[in-house]
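Reminder, nothing fancy here: chain letters follow the sequence lines and each chain counts from 1. It should be emphasised that the depicted structure is a prediction, and the values quoted were computed from it without experimental measurement.
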Amino acid sequence: MTVEEAKPTIPEDEERSVSPNFITDVIDEDLETHRHQRVATRFPPEPNGYLHIGHAKAICLNFGIAQDYRGTTNLRFDDTNPTTEDMRFVEAMKDDIRWLGFEWDNLFFASDYFDELYAMAVRLIESGEAYVDSLSEEEIRSYRGTVTEPGRESPYRNRAVAENLDLFERMRAGEFPAGAHVLRAKIDMAARNMIMRDPVLYRIVHAHHYRTGDAWHIYPLYDFAHPLSDALEGITHSLCSLEFENNREIYDWLVDRLFEDPKPHQYEFARLNLDYTVVSKRKLINLVRADQVTGWDDPRMPTLAGLRRRGVTPEAIRSFANRVGVTKANSRTDIALLEHSIRDDLNFKAPRVMAVVDPLKVVLTNLPADAPTEIEASYWPPDVPREGSRSVPFGRGLYIEQSDFAEDPPKGFRRLSPGQEVRLRYAYVIRCDEVLKDASGNVTELRCSVDPDTLGKNPEGRKVRGTIHWVSAERGVAAEFRLYDRLFRSPDPEAGGEDFTTQLNPDSLTVKRGFVEPSVATDPPETRYQFERQGYFARDSVDSRPEAPVFNRIVTLRDSWAKSSKGSAVAHETKAEPKTPKQETAHETDPAAALPPERVAVFDRYLDELGLSRSDAALIAGDEELSTFFEEALKAHDNPQGVANWIVNELLRERKGKAVSELAVEATGLAELVTLVDHGVISSRSAKDVFGVMLESGRSPREIVKEQGLEQLSDAGALTEVVESVLAAHPDQVAAYRGGKSGLLGFFVGQVMRQTQGRANPQLVRELVDESLKGDG
RNA sequence: UGGGCCAUCGUCUAAUGGUAGGACAACCGGUUUUGGUCCGGUCGGUCGGGGUUCGAAUCCCUGUGGCCCAGCCA
């Protein structure tokens with residue numbers, strides 16, 4: 001039997017488990033260009049807490065991508081800080097990841113690499129790119145400067161290599177107290193990116209490490225250990241959250257110095273934020289420590305352990321993770337999306353059974369002697385294609401939900417009220433004849449009569465408005481129901497600074513005692529149900545007892561009645577505040593205002609003599625390089641604004657962070673290109689393509705045009721043919737256009753441009769399309 | 001304040017210079033022995049100002065707003 005070799009394939013969209021996003025786009029390109037031959041990701045948690053729903057997004061992304069591309073994913077515990085980390089979190093995290101449905105290809109710890117990491121640090125010292133600094137922590141801080149001022153170099157920065165080597169080795173051996181020395185990269189104390197101001201690579205920590213014991217007295221920092229661990233493992237795409245964007249520079253700096261191609265690259269995406277909750281390990285730790293919740297697995301917690309105990313399925317979480325998408329924009333996801341994912345999954349998984357959470361006694365006064373004492377009821381509604389049923393005990397005494405009776409029903413109430421009829425699910429239609437009350441006027445019992453002819457069929461001549469659920473009073477099983485609501489009452493609990501606990505929702509847990517039908521009494525923990533008309537519930541894995549079952553409400557059912565009647569226990573009181581009106585202050589700042597004095601004359605000349613627009617004149621005049629290029633080009637083609645347009649709009653884009661001289665395009669080349677456009681030799685569309693080729697090859701535009709046959713097509717006869725064929729190929733769009741969807745004009749022009757490889761004269765095409773569409777309408 | 005990143009329906013997200021689309025939410029209706037599900041429909045958006053282009057959400061300039069960076073945390 002041959003094992004199929006795992007080879008990277010770019011998956012079709014419909015076979016992806018991770019919907020396409022900017023990262024998979026990068027991967028596709030890396031595979032296509034053979035920058036990488038395979039895909040390797042990793043999930044690198046620090047074992048200092050529990051995994052939460054935010055991690056789930058990262059897990060689904062990393063593992064999902066590996067799955068989709070037949071790649072690999074490593075689980076790597078980032079155990080570089082022995083003072084905050086704990087082995088018990090390692091096991092919990094492994095459990096949670098497996099529960100979520102993923103299995104790693106390799107299990108690693110950053111500490112596995114301590115020897116190699118140390119060796120690499122030594123190499124850096126030897127090459128003069130790292131040094132031992134003996135400044136104190138405070139001194140290092142003050143030497144670093146601020147975001148606006150450059151830092152100062154440490155007096156220890158130019159220690160001899162041999163001395164650095166010696167000191168570093170003795171740091172490792174434990175000869176120095178914590179804080180006496182650190183190892184730093186020698187980069188640039190004036191770097192605008194603060195992280196590059198000689199970042200600390202190693203610090204002395206005299207702590208027992210749960211894996212390496214007392215072998216080490218120095219530990220690498222994240223910025224050092226993480227990129228190098230990635231490289232060591234052959235990771236291709238290292239995905240992390242946005243706050244590490246600034247760290248990418250040190251990531252590349254290290255990998256470039258210590259590794260050969262193919263090197264790993266870091267890509268950052270926005271972490272998940274969820275309405276009405278906190279997704280930050282530190283804040284979750286606070287809740288646990290302050291006993292605001294019962295533990296990491298409190299069903300109200302957004303931890304995977306909490307979600308799991310609550311009864312949420314891993315499939316629902318994966319589906320949710322996929323729905324939220326992967327982008328670089330900070331966002332806050334509506335909790336309704338999570339709830340939808342949960343319901344969507346459970347609708348097909350959770351058998352329907354009956355439970356009464358808030359019981360109200362009902363006595364059926366005229367139950368016929370031949371009425372069934374057991375009713376066979378399907379676990380599934382007709383629209384769920386699954387089989388199975390159970391027997392539900394039925395009799396004279398029942399419990400119904402208090403909220404299903406109203407002595408004085410509001411408009412639109414489709415439940416029980418005095419004199420009114422309602423159907424008992426799977427059983428008879430009943431009428432409320434009498435309402436019994438206690439001394440203080442509370443309803444204690446209902447006396448109802450059944451219509452004996454309504455078992456399994458509808459009454460004749462009248463419509464019964466509603467159906468309610470029930471449990472046998474004699475044979476129902478007493479149970480506890482834990483109804484959860486959002487943990488915080490504010491959509492963004494972290495917004496108000498540190499005291500996010502003041503935003504805790506006091507009603508996040510409501511405990512109710514009621515009854516369930518006996519069929520569920522002995523089910524195992526974590527069994528999920530839909531308690532009809534109420535929501536999805538799961539048997540609690542910790543507190544439930546066979547004789548005293550406990551059920552956690554996973555999520556309510558959608559309830560359009562509660563919404564319209566505002567009868568909901570869950571008050572959606574904090575609807576998004578009205579948006580602060582956008583400032584429409586568009587104060588015109590003069591583009592010439594910031595010009596250095598010595599450039600003002602140039603600006604004036606561009607403005608007055610060459611007739612450039614103010615902003616273009618200022619832009620080019622203010623940049624000597626651009627200015628030189630501009631004037632050079634002008635010598636070859638005397639169309640100042642035309643050349644300026646190309647410089648400002650196209651050249652500037654390509655220059656980004658580079659010097660103009662690094663670009664393959666020369667001033668004369670650009671001038672020639674503009675000439676071609678001005679003389680109508682090529683379309684402006686083709687000109688951009690030509691410009692692209694120039695950028696890559698530095699060749700003359702005329703040559704490129706000739707070689708690729710890009711001369712503009714301006715022959716109306718020939719173009720009309722193309723136009724007609726395009727219109728004929730898109731009858732629906734033609735109809736829509738005639739129906740008033742004028743935006744389609746661009747679509748037609750675009751199609752013609754495509755068919756002519758961009759050579760058609762677009763103005764002419766536009767006219768022809770317009771004419772043609774008008775003509776035979 | 002220097003640097004980095006970001007900005008599309010209420011929310012999340014597509015559109016890679018050529019029809020602004022989907023999902024969630026909301027609203028209306030149909031089906032229904034769950035006020036569930038399902039089905040149909042409605043509502044609703046390119047942050048402001050300039051520019052380039054036949055054509056701009058997309059490219060350029062500028063303004064505004066948000067997030068990240070001054071740990072020997074990650």
Over how many whole Å does the gap from [X] atom [atom1] to [N] atom [atom2] extend?
X: A:D590; N: B:U62; atom1: CG; atom2: C1'; answer: 12 Å
X: A:I250; N: B:G4; atom1: CD1; atom2: P; answer: 17 Å
X: A:N347; N: B:G36; atom1: CG; atom2: P; answer: 12 Å
X: A:D383; N: B:U33; atom1: CG; atom2: P; answer: 12 Å
X: A:L595; N: B:C61; atom1: CG; atom2: P; answer: 16 Å
X: A:D623; N: B:C61; atom1: CG; atom2: P; answer: 11 Å
X: A:H469; N: B:U34; atom1: NE2; atom2: C1'; answer: 10 Å
X: A:R415; N: B:G36; atom1: CZ; atom2: P; answer: 11 Å

Looking at A:H340, does any N or O in its side chain come under 4.0 Å of the phosphate oxygens OP1/OP2 on B:C24? yes
Under 4.0 Å between a side-chain N/O of A:R558 and OP1 or OP2 of B:U37, yes or no? yes
When we call it a touch if two heavy atoms are under 4.0 Å apart, what does [X] touch: a base, just sugar-phosphate, or nothing?
X: A:L337; value: sugar-phosphate
X: A:T327; value: sugar-phosphate
X: A:R197; value: nothing
X: A:Y737; value: nothing
X: A:Y536; value: nothing
X: A:G412; value: base
X: A:Q530; value: base
X: A:K656; value: sugar-phosphate
X: A:G456; value: base
X: A:R653; value: sugar-phosphate
X: A:N458; value: nothing

Ring of A:Y131, cation from A:R184 - is the NZ or CZ under 6.0 Å from the centre and inside 45° of the axis? no
Return the stacking result for B:G18 and A:F747: yes when the ring centres lie under 5.5 Å apart and the planes under 30°, no otherwise. no
For the residue pair A:H217 and A:M171, establish whether any side-chain heavy-atom pair is separated by less than 4.5 Å. no
Between [M] and [N] - [atom1] atom distance, rounded Å:
N: B:A74; M: B:C12; atom1: P; answer: 31 Å
N: B:G41; M: B:C9; atom1: P; answer: 24 Å
N: B:G44; M: B:C5; atom1: C1'; answer: 29 Å
N: B:C47; M: B:U53; atom1: C1'; answer: 23 Å
N: B:C43; M: B:C27; atom1: P; answer: 16 Å
N: B:G17; M: B:G66; atom1: C1'; answer: 28 Å
N: B:A15; M: B:C59; atom1: P; answer: 13 Å
N: B:C24; M: B:A14; atom1: C1'; answer: 15 Å

Between the base of B:G18 and the side chain of A:R754, is there any donor-acceptor pair under 3.5 Å? no
Can you find an N or O donor on one side and an acceptor on the other, under 3.5 Å apart, linking the side chain of A:R533 with the base of B:U34? no
Flag for [Y]-[X]: side-chain donor and acceptor within less than 3.5 Å:
X: A:S136; Y: A:E139; answer: yes
X: A:R759; Y: A:S683; answer: no
X: A:Q266; Y: A:E268; answer: yes
X: A:D223; Y: A:N247; answer: yes

Heavy-atom nearest nucleotide on RNA chain B taken for A:S331 and for A:L424; more 5' hit belongs to A:S331
To the nearest 0.5 Å, how far apart are OH in A:Y222 and OG in A:S229? 10.0 Å
Side chain of A:L557: nearest nucleotide among B:C38, B:G35, B:G36? B:G36
Exceeds 12 heavy-atom contacts within 6.0 angstrom, atom CD of A:E243: yes
If you draw a 6.0 Å radius around CZ in A:R754, do more than 12 non-hydrogen atoms from other residues or ligands fall strictly inside? no
In B/S/- notation, 5' to 3', how is nucleotides 68-74 of chain B contacted by protein heavy atoms closer than 4.0 Å? BSBSBSB
Nucleotides 51-54 of chain B: which of its N/O atoms have a protein N/O under 3.5 Å away?
{"unit_1": "B:G51", "atom_1": "N2", "unit_2": "A:N649", "atom_2": "OD1", "d": "2.8"}
{"unit_1": "B:U52", "atom_1": "O4'", "unit_2": "A:N649", "atom_2": "ND2", "d": "3.2"}
{"unit_1": "B:C54", "atom_1": "O2'", "unit_2": "A:R766", "atom_2": "NE", "d": "2.8"}

Would you please enumerate the stems RNA chain B participates in, each stem being three or more consecutive Watson-Crick or G-U wobble pairs with both distances under 3.5 Å? B:2-7 with B:64-69, B:10-13 with B:21-24, B:26-30 with B:38-42, B:47-51 with B:59-63
Derivation of the ring pair (Phe, Tyr, Trp, His ring centres under 6.0 Å) call for A:F394 and A:W470: CA-CA 9 Å; A:F394 178 72; A:W470 49 273; 5.3 Å; yes
Kindly assign one of parallel, tilted or perpendicular to the pair A:F168 and A:Y202, based on the angle between their ring planes and the thresholds 30° and 60°. perpendicular
Could you tell me whether a side-chain N or O of A:D616 sits under 3.5 Å from a main-chain N or O of A:A644, the two making a donor and an acceptor? no
Donor-acceptor check, side chain of A:T146 to backbone of A:E149, threshold 3.5 angstrom: yes or no? yes
For B:G71, does the O4'-C1'-N9-C4 or O4'-C1'-N1-C2 angle fall within 90° of 0, making it syn, or is it anti? syn
Determine whether the aromatic ring centres of A:Y267 and A:F22 lie less than 6.0 Å apart. no
List the atom of A:P199, the atom of A:I187, and the distance in Å for their closest heavy-atom pair. CD-CD1, 3.7 Å
